[in-house]
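Some notes on the structure that comes next.
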Number of protein chains: 2
Amino acid sequence: MSNKTEAVRQKPEKPIDKKDVEILKLLQEDANIATADIAERINMSQSPCWRRINQFEKDGVIKQKVCLLDRNKLGMELVVFASINLNTINRKTLEEFEKRIVAFPEVVECYTMTGMIDYMLKIVAKDIQHYEQFVRNNLAEIPNIREIHSHVSVTEIKMTTQLPLDTQL
Amino acid sequence: MSNKTEAVRQKPEKPIDKKDVEILKLLQEDANIATADIAERINMSQSPCWRRINQFEKDGVIKQKVCLLDRNKLGMELVVFASINLNTINRKTLEEFEKRIVAFPEVVECYTMTGMIDYMLKIVAKDIQHYEQFVRNNLAEIPNIREIHSHVSVTEIKMTTQLPLDTQL
DNA sequence: GCTGAAACCGATAGGAA
DNA sequence: TTCCTATCGGTTTCAGC
């Protein structure tokens, strides 16, 4: 049985080429960098470099190219980490919860957790009033929630979308 | 005194034009969408649309254009939220802590918090062994840390960089 | 202010070494 | 394979409305 047939592999066997890592690092910093620039920086000519990038897009290693906006300049001062526990946990309740969570634009991230917490959410809101309203009118309306713990952030010290390719690959 | 002189305004007085919101929404989804396409979708012609986008870039509302990579396809299975408390808090200790935190590529986000926690970190690692190593060799080496609480995520339910422009502006 | 056209620049593909 | 060239499409600017 061949090993390259699975659509999503959790653990890639290939330890990824060094030049590939360089390419991905540059693209994580700036999606609009010219192929020629990347090629030059990693001592490669355009065409092969372009083909590698293209392959990453096909493979879904590069998921998307997006614009990152300045939260504060848009008047969204609040980031809240909310830990949530449910009353009863079974397939139905989990699916229902997740379906409703995903639909809220204010919830920018959601993870299931090990340990004492069932879910961890990252929520963005304009200010504390808007957050309160969101919890009351939207979040708390989801059935089966037992506990919500809100951890409110004051200042953003670091925020990047760049994965630690250097140290973790 | 004019009001447009401050470099960073926390609360913009301008409630941002509806068409501008549409533009930003589209760019949050796809950084490579053609200006002509945006213009068409919001019933505007290219040039003024382009000028608005350009202004957003100048103003820093659009911070950067980046490629988002697939964490799992790169073999980074772990996201950890680590809450941290320091022993003594003063300007020196805070600045020292933040300076060292920012330098770790594994720490992708860091916030100061209200309430019981001093800092909340979001950390990305290959697996639990790598995370343990990172905490031992890097994080715990920062002086003045009293407590680290690690909240380990299992599954990513939602993850977006899109700010809730519709509901929070 | 908006529109439409024209010039420029870079990405993509194909062909030669 | 890499290099080089042609084509295509998008961005950007500018003249006219």
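In the text below, chain A, chain B and the rest are named by the order of the sequence lines, each starting its count at 1. Note that the structure is a prediction, hence the values are computed from the model and not measured. Basis for what follows: all heavy atoms, side chains included, without hydrogens, waters or symmetry-related copies.
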From CG of Leu27(B) across to C1' of dT11(D) the rounded distance in Å is 14 Å
Atom CD of Gln46(A) and atom C1' of dT5(D) are separated, to the nearest Å, by 12 Å
**Request:** Give a yes or no on whether the ring-centroid distance for Tyr119(B) and Tyr111(B) is below 6.0 angstrom.
**Result:** no
When rounded to whole Å, the CD1 to P distance for the pair Ile53(A) and dG10(C) reads 15 Å
Phe56(B) atom CZ is separated from dT11(D) atom P, nearest whole Å, by 17 Å
In whole angstroms, the gap separating C1' of dA11(C) from CD of Glu57(A) amounts to 12 Å
- prompt: For the residue pair His149(B) and His151(B), does the interplanar ring angle fall in the parallel (under 30°), tilted (30 to 60°) or perpendicular (over 60°) class?
  reply: parallel
message = When you measure from the side-chain N and O atoms of Ser45(A) to the phosphate of dC3(D), is any distance below 4.0 Å, counting only OP1 and OP2?
response = yes
Closest to the 5' end of DNA chain C, once Asn32(A) and Ser47(A) are matched to their nearest nucleotides, is Asn32(A)
Asn54(A) CG to dG14(C) P, in whole Å, measures 13 Å
Between NZ of Lys58(B) and C1' of dT12(D) the distance, given in whole Å, is 13 Å
Asp37(A) atom CG is separated from dG10(C) atom P, nearest whole Å, by 8 Å
query = Do Leu121(B) and Phe81(B) touch side chain to side chain, with heavy atoms closer than 4.5 Å?
reply = no
What does Pro48(B) touch in the nucleic acid at a heavy-atom separation under 4.0 angstrom: a base, only the sugar-phosphate, or nothing? base
Assign each of Trp50(A) and Arg52(B) the nucleotide of DNA chain C bearing its closest heavy atom; nearer the 5' end lies the nucleotide of Arg52(B)
query: Would a 4.5 Å heavy-atom cut-off, applied to side chains only, mark Ile42(A) and Lys18(A) as touching?
result: no
